[in-house]
2 protein chains.
Amino acid sequence: MVEKKIDRRILRTRQKIKETFAQLMEEKGFEAMTVRDLTERADINRGTFYLHYLDKYDLLEKSEDELFEDMEKIADEVWGNLSLNQYDQVNLDEPFPFIIQLFEYMEENYEFIRVLLGPNGNSAFQVRVKEVIKKKMLEKFLRYTQPEKMLVPMDYLVSYVSSAHLGVIQQWLGRGMDRTPQEMALLLSNISNFGPAYVAGLKEIIEEKK
Amino acid sequence: MVEKKIDRRILRTRQKIKETFAQLMEEKGFEAMTVRDLTERADINRGTFYLHYLDKYDLLEKSEDELFEDMEKIADEVWGNLSLNQYDQVNLDEPFPFIIQLFEYMEENYEFIRVLLGPNGNSAFQVRVKEVIKKKMLEKFLRYTQPEKMLVPMDYLVSYVSSAHLGVIQQWLGRGMDRTPQEMALLLSNISNFGPAYVAGLKEIIEEKK
DNA sequence: CTTTTAATGAACACTGTGTTGTGTATTCAT
DNA sequence: ATGAATACACAACACAGTGTTCATTAAAAG
């Protein structure tokens, strides 16, 4: 890997732009924000902004890219399978490690992520986050199930679970992160493994039906 | 209810605006579209647009409102509980009527809804759709479960299921609606009632654990 | 210390916005 | 059918934001 020394001025300017960008995202949202707003607040020349980014959409994209890359890194590093018991079976009491780490990452970067995943957030970003989760969930399902045993199409099932996870993350962020990443991951694990109806208390009916 | 006769010219103009709006939403998306684009395409004067809407955001909001109201109407009309068997128990084989109707509504209005719920869609609208589903799911859970039997917090459970439903709807729209509303509703019902892990084929493990 | 280059400040043309005033044409009510 | 009401067209307006350019200044690199 080639180590390039980047001019300090560049680093400082980009840093200031990103800081201010995060601030304004929270205060007025992306669409309402202008490049003028940003550069005035950041106390840099408007022209300077265009030395670094094509426009505000480019800035958004590049900022999202960083978060996205972090998340993919987590997904790749955390070999996110459940631990296996003596029968090489899934341990259903244990939360999914990747999900814990994902919550932890959200917690660390909540300022910006909260906005991106919020009601005035960015659909495209949400789709990307969902893709990361989907990939991991697909891995999990493929690991522990035989395709011929599936009762519903794999892609819809993955879509179901991943969207559910993202939705719970959004709810959690919106509530000001009222639980720990561990608690949240366990909660999600319980619903996903035992099923919404079961954890809602419909046990008898389900047992009977099966 | 007072029957107001609205000037035909108004109706025609608004009709044309909405038609063109839907077209442009699909072609270039909301943010890329200008009022100029719209009025030129619709062949009306730009000033006329401002006689009916404050700006393009107002137009978007009012268009979404209509869809939203339709969905709430469906939610209110369809007494969306599952049918009960002789023991006054939930029939788990039957899809949720409200969900069938929701899919049918999406199918009818797919041109516009596909864009709003798509990757370049509107987060706020997605939140609103989710709210409609949430309300109905909460009703369902409250109907069939006793709060003290709940194994996870109600609000997170509702969030989980509703987000999952919306996610599957989005997937379905993105795939060009490859199944019927009935099939989709049954699929969702199966996952929600028996659980993702169960329908993925992890039956033995789950039985053993319980 | 010299060279390189990032940032500044000011100006530019351009696009889109939202409003206004006047005239025309359609619609409504009788 | 006719007059009154009003929605729409047309044109012009000031304004805000964009993205670019160029000469100048300041800071960093070597």
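Taking the centre of each ring, A/Tyr57 and A/Phe30 come in below the 6.0 Å mark. Taking the centre of each ring, B/Phe21 and B/Phe112 come in below the 6.0 Å mark. Residues B/Tyr198 and A/Phe194 place their aromatic rings such that the two centres sit no closer than 6.0 Å.
Remark: P of C/dT17 and NZ of B/Lys56 are 7 Å apart, rounded to the nearest angstrom. A/Tyr53 has its OH atom 16 Å from the P atom of D/dT18, to the nearest Å. A straight line from NZ of B/Lys5 to P of D/dA7 spans 16 Å, rounded to a whole angstrom. As a whole-Å value, the separation of B/Phe49 CZ from C/dG16 C1' is 13 Å. One interatomic measurement links the two molecules: CG of A/Leu59 to P of D/dT18, which rounds to 12 Å at whole-angstrom precision. The interatomic distance linking A/Leu11 (CG) with D/dA28 (C1') rounds to 12 Å, in whole Å.
Between A/Ile17 and A/Phe49, the closest side-chain pair of non-hydrogen atoms falls below 4.5 Å. The closest side-chain heavy-atom distance from B/Ile74 to B/Val132 is not below 4.5 Å.
Helical stems of DNA chain D (runs of at least 3 Watson-Crick or G-U pairs, donor-acceptor distances under 3.5 Å) are listed by first residue: C:1-11 with D:20-30, C:13-17 with D:14-18, C:19-30 with D:1-12.
Closest to the side chain of B/Tyr50, from the set C/dT19, D/dT18, C/dA7, is C/dT19.
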Quick one, give me the B/S/- string for nucleotides 8-14 of chain C, reading 5' to 3', where B means a protein heavy atom under 4.0 Å from the base and S means that only happens at the primed atoms, P, OP1 or OP2. BB-----
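Using a cut-off of 4.0 Å between Lys/Arg side-chain N and Asp/Glu carboxylate O, A/Lys56 and A/Asp37 are scored as not salt-bridged. Using a 4.0 Å cut-off between charged side-chain N and carboxylate O, B/Arg46 and B/Glu40 make no salt bridge.
Of the candidates A/Arg14, A/Arg8, A/Arg12, A/Arg14 is the only one forming a side-chain contact (heavy atoms from CB on, under 4.5 Å) with A/Ile10. Among the candidates A/Arg143, A/Lys136, A/Lys135, the single residue satisfying the salt bridge (charged side-chain N to carboxylate O under 4.0 Å, His left out) test with A/Glu139 is A/Lys136.
Remark: A/Ile99 CD1 to A/Leu187 CG distance equals 12.0 Å, nearest 0.5 Å.
Judged by the 6.0 Å and 45° rule, A/Lys62 forms no cation-pi pair with A/Tyr53.
With sequence neighbours excluded, the residues that form a side-chain contact (heavy atoms from CB on, under 4.5 Å) with B/Glu19 are B/Gln15.
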Check: protein-nucleotides 3-6 of chain D nitrogen or oxygen pairs below 3.5 Å:
unit_1	atom_1	unit_2	atom_2	d
D/dT6	O2	B/Arg9	NH1	3.3

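Contact between the side-chain N/O atoms of A/Arg8 and the OP1/OP2 oxygens of D/dA29 is found at a separation under 4.0 Å. Between B/His52 and D/dA7, a side-chain N or O to OP1/OP2 separation shorter than 4.0 Å is absent.
A side-chain donor-acceptor contact under 3.5 Å links B/Gln126 and A/Ser123.
For residues 29-42 of chain A, proximity to DNA chain D is found at A/Thr34, A/Val35, A/Arg36, defined as any non-hydrogen atom under 4.0 angstrom from a strand atom.
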Let me have the donor-acceptor pairs involving side chains of residues 153-165 of chain B, under 3.5 Å, with sequence neighbours excluded, atom names and distances please.
unit_1	atom_1	unit_2	atom_2	d
B/Asp155	OD2	A/Arg175	NE	3.1
B/Asp155	OD2	A/Arg175	NH2	2.3
B/Tyr156	OH	A/Asp178	OD1	2.8
B/Ser159	OG	A/Gln171	OE1	3.2
B/Tyr160	OH	A/Ser192	OG	2.7
B/Ser162	OG	B/Val158	O	2.7
B/Ser163	OG	B/Lys130	NZ	3.4
B/Ser163	OG	B/Ser159	O	2.7
B/His165	ND1	B/Val161	O	2.8

